[in-house]
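Data first, discussion second: the structure below is written as structure tokens.
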Amino acid sequence: MEQLSITGQKGISLGAIASQASRATDMMTQVRSAMLSPTSRKTAPTFNLSQLASMLDIEKGPLSHRMNKGDLPSGHLNAAGTRREFTLAEARTWIREYRKERLRPTGAEAVTISIGNFKGGVGKTTTAMTLAQGLTLLGHKVLVIDTDPQGSLTTLFGKLPDAEVTEQDTILPLVLGQEDSIRYAIRPTYWDGIDLVAAAPSLFGAEFALPSRQTQEPEFEFWNVLHYGIDDVRPDYDVIVIDTPPSLSYTTINAFMASNGIVMPLPPNALDFASAAQFWSIFSDLTDELLTRRGLDKEFDFLHILLSRVDSADVTANIVRQWIQTTYAEKVLPVEIPKTAVTATASAEFGTVYDVERYDGNAKTFKRARDAYDLFVSYVETSIQSVWRKQVPSAALSPLTSSIPLRTRKSK
Ligand code: ADP
Ligand code: MG
């Protein structure tokens, strides 16, 4: 018998849901190829001379002068022959030369950072992507690991989790014990300086595999699979960024346990604050059971709360911001990511503020957004450098305070 629901829909069979699912998947494929045409691949932005000079924190004059030396990439003229352009890879070669003293010292290894929060929609994936991109623009080499079966971060790299990601591209074989090192899953991306371990819906299987292995293998530590799995590649990267699902799942615990630091994006509103409070108390109960009672411990090098999606029109934001400051004190980063059309627009094209080559909207709005992300990235870079200092106490890294990028500094 057909049942009518309150909205007047007929009873919906599982078969109907299946065909709706395949329509949605087809639509994603179409949208993606329309968006990324003609090549159907994402491309990274290019940079002009002024942009490169600004990234190097020097004037255009000295840049041209340095270029004459001929040992660094000289870029190429654009199609119209009117201006010189540098690819991301070329720009990064320059940046690495000019920021030598701030890069990973010999003997240090990748600093691993998880982006986590119980809730969806707080900006985790956007934070993971912008952090990775921003760090590469400071010269670092980054491995990004998507552990959310929904694969939003994977999508930002122009790959469709359903159609273009196989199990071998994900952490699943590691979780199942078929592999010991994550290396098999690492792929290059459209963004020079970022490699990706992708995610796909089949990763949901991790939530069954991990507890089941725990009951079958006496020595197994389900919370350390990712930790041990990335050990092999830590010397190959400067930073490893892990995006996590919106839950405190087995996978999320793995991400945290593999990490030196955690960044929690937190919009200043009451429900998100409450949810974050729950997150920390559940996290602490869990680690108590897993580690403390076994006589084990885990120390994080840093924990940053990032005020994200801050809506300037929201009158309650000030109150909740106060709660956040009181609760998390020095862990709250002194920067706020505004709720901005720039991020919204860029994400409609599966990108971020760093993917935007020319912003069609208000230039001030764009600068405000870009500056906020830059500042966030530079604070995290400072934390990364302090971990390297712990790893290699004798390292000659330049002073921590000098890493705030030019764009966000007061003009001299
Ligand atoms: P999560 O990973 O926590 O679910 P996302 O990073 O996917 O969060 O963000 C959720 C949605 O909010 C996305 O559509 C994203 O584009 C949008 N968003 C994230 N940060 C901002 C921002 N600062 N301003 C406007 N929209 C944002
Ligand atoms: Mg996400």
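Whatever order the structure lists them in is the order used to number ligands and atoms, beginning at 1. Count residues from 1 along the sequence.
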Answer yes or no: are there more than 12 heavy-atom neighbours, outside Tyr184 itself, under 6.0 Å from its atom OH?
yes

- prompt: Can Gly121 be said to touch ligand 1, with heavy atoms closer than 4.0 Å?
  reply: yes

Contact region, Pro338 to ligand 1, non-hydrogen atoms below 4.0 Å, reads backbone

Q) Just by modelled atom types, is the Thr287 backbone N or O under 3.5 Å from a matching donor or acceptor in the Arg293 side chain? A) no

In short, Trp94 meets Pro73 closest at the heavy-atom pair NE1-O, 2.7 Å

shortest atom 8 (O) of ligand 1-to-protein heavy-atom contact is with Gly123 N, 3.0 Å

Within the side chain of Ser249, is there an N or O that forms a donor-acceptor pair under 3.5 Å with the backbone of Thr252? yes

Here the atoms of ligand 1 under 4.0 Å from any heavy atom belonging to Thr340 are 22 (C), 24 (N), 25 (C)

Under the 6.0 Å and 45° cation-pi test, does Lys100 pair with Tyr98? no

heavy-atom search around atom 11 (C) of ligand 1 in the protein gives Arg309 NH1, 3.9 Å

For Thr125, the ligand 1 atoms with a heavy-atom partner under 4.0 Å come out as 1 (P), 2 (O), 6 (O), 7 (O)

Between Pro267 and Leu307, is any pair of side-chain heavy atoms under 4.5 Å apart? no

For a quick check under 3.5 Å, do Tyr228 and Glu221 share a side-chain donor-acceptor pair by atom type? yes

Can you find a non-hydrogen atom of Pro246 under 4.0 Å from ligand 1?
no

Nearest non-hydrogen protein atom to atom 18 (N) of ligand 1, with distance, is Thr343 CG2, 3.8 Å

(message) Has Glu164 got a side-chain atom pairing as donor or acceptor with Leu160's backbone, closer than 3.5 angstrom?
(response) yes

the protein heavy atom lying closest to atom 13 (C) of ligand 1 turns out to be Ser347 OG, 4.6 Å

Numbered in order shown, the ligand 1 atoms found under 4.0 Å of a heavy atom of Lys124 are 1 (P), 2 (O), 3 (O), 6 (O), 8 (O)

Sub-3.5 Å N/O-N/O distance, Thr126 and ligand 1:
yes

Any heavy atom of Ile337 under 4.0 Å from ligand 1? The part involved is side chain

So for Tyr373 against ligand 1, with non-hydrogen atoms under 4.0 Å, the contacting part is side chain

Ser202 side chain to Glu167 backbone, donor-acceptor under 3.5 Å
no

task: Return yes when at least one N/O/S atom of Thr125 is nearer than 2.8 Å to the Mg ion (ligand 2), and no when none is.
output: yes

